[in-house]
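Reviewing the structure listed below.
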There are 2 protein chains.
Amino acid sequence: MVTQSATRSRTPRGQGRAKLLEAAGDLFSEQGVSGTSLQSIADRLGVTKAAVYHQFASKDEIVLAVAEPVIERLRQIADAAVGYSEEEGRAIAIDGLVELALAERGTAAVMRRDPTMAQLLDSHPPYLEQIARIEAALLGPRPSSARRLALAFAGGGIMALGALPGLDGPHEEVHAGLVAAMTRALTI
Amino acid sequence: MVTQSATRSRTPRGQGRAKLLEAAGDLFSEQGVSGTSLQSIADRLGVTKAAVYHQFASKDEIVLAVAEPVIERLRQIADAAVGYSEEEGRAIAIDGLVELALAERGTAAVMRRDPTMAQLLDSHPPYLEQIARIEAALLGPRPSSARRLALAFAGGGIMALGALPGLDGPHEEVHAGLVAAMTRALTI
DNA sequence: GTCTATAGATAGATAGAC
DNA sequence: GTCTATCTATCTATAGAC
């Protein structure tokens, strides 16, 4: 029951935007980006399309905005892995990716597998940069082709989890299981 | 330069259909199912939409027809793994899945990750049946939750490979690398 | 087996009132 | 910040001629 800091607005600044992005992200992971219309986003929010266009100039802008928090977390993971030994850096990156995959389940999966999203991200330097940094941390210097293959496999595995229904078991257990699976996949 | 067995038709029976499915499959893996219109399929074939509708009654029918050869291969894999020890059966299933993922790269990836395709397959018993059989071969009886988690991870990894550009290296090497990665992921 | 033509719905996007 | 109304383009799908 905290009073909003300084404003009296019924819908606090940026909250409409946040709600919109949440709805859009959910729909993207359920139906894909191409399969999600601005109308369906508006419907889920109980507003009209025009209200959506008031906050974003285009659908692409929404797609990128949905991806942005994940990109920010990728940056934090890459930052955290810097300055450690190869082995420690890899463990930190794996742990961060697993945590990210579990926290932003749907969005992480969409980013990895949706063609529309992938095309947008392919020309989005901030994303490419963080991916490159994390891959470097996972692969180490002069990686063998077997090692790069293992990373492609593991990357697909970890980020594909959003497609799964339950992923039963307590968070700690799932987290540990995924870290173990990913570490095994990359230990070569 | 072999004479078509008994017919004189310029386009042998079913070849139009096969070409259509090839074009559709390529477009699905490039742009997703929702992102691919019947018009774009027709364009790639150099015909009109009406010609496409002559061969298939609906888009869903095309989607399922694209998936069908992969489902058939899944059946063969499941069949091949029957009647061996748990360990041997698992090795056979892994080898078959890797071969399938490499041979039907794009389609296998689409089937695993495209929301439209996934929804269709979710109510397509022939697919569900083969997936269940293969999962059983990979998991063995009474699998632990850690083991099921590892399978989800590995399944995503192997089928996500279609999204990758080159997958450099000779086929034998890539095949062996993927079998190794998958075996490591499932060895728990 | 391929075409033209078109129906009917929906897509992304914009203008302007409140 | 949300609305009504509308634009244009495209979508899936069908009818019927060649």
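The structure presented is a predicted model; accordingly, all values stated were derived computationally and were not measured. Residue numbering restarts at 1 for every chain, and letters A, B, ... go by the order of the sequence lines.
Listed by first and then second residue, the side chain to side chain donor-acceptor pair (under 3.5 Å) pairs involving residues 141-157 of chain A are A:S145-B:E173, A:R148-B:D168 (not counting sequence neighbours). The salt bridge (Lys or Arg N to Asp or Glu O under 4.0 Å) contacts involving residues 48-65 of chain B comprise nothing, where partners must be two or more places apart or lie in separate chains.
A heavy-atom distance below 4.0 Å to DNA chain D is reached by these residues of residues 36-43 of chain B, ordered by number: B:T36, B:S37, B:L38, B:Q39. Within residues 45-65 of chain B, the residues that place at least one heavy atom under 4.0 Å from DNA chain C are, in residue-number order, B:V47, B:T48, B:A50, B:A51, B:H54.
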Derivation and outcome, salt bridge (charged side-chain N to carboxylate O under 4.0 Å, His left out), residues A:D114 and B:R113: CA-CA 8 Å; A:D114 187 282; B:R113 68 183 202 200; over 6 Å; no
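Protein atom CG of B:L20 is 13 Å distant from nucleotide atom C1' of C:dT2, rounded to whole Å.
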Would you be so kind as to tabulate the donor-acceptor pairs closer than 3.5 Å made by side chains of residues 21-32 of chain A, with sequence neighbours excluded?
from, atom 1, to, atom 2, distance (Å)
A:S29, OG, A:G25, O, 3.4
A:S29, OG, A:D26, O, 3.0
A:E30, OE1, A:R44, NH2, 3.3

Acceptor/donor pairs from residues 116-123 of chain B side chains to any protein atom, 3.5 angstrom cut, sequence neighbours excluded:
from, atom 1, to, atom 2, distance (Å)
B:T116, OG1, B:S34, OG, 3.0
B:S123, OG, B:L120, O, 3.4

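Residues A:R17 and A:F56 are in side-chain contact: their nearest non-hydrogen atoms beyond the backbone lie under 4.5 Å apart. The shortest side-chain heavy-atom distance between A:M159 and A:L97 falls under the 4.5 Å cut-off.
Side-chain contact of B:Q76 with B:R73: a donor-acceptor pair under 3.5 Å is absent, judged by distance alone.
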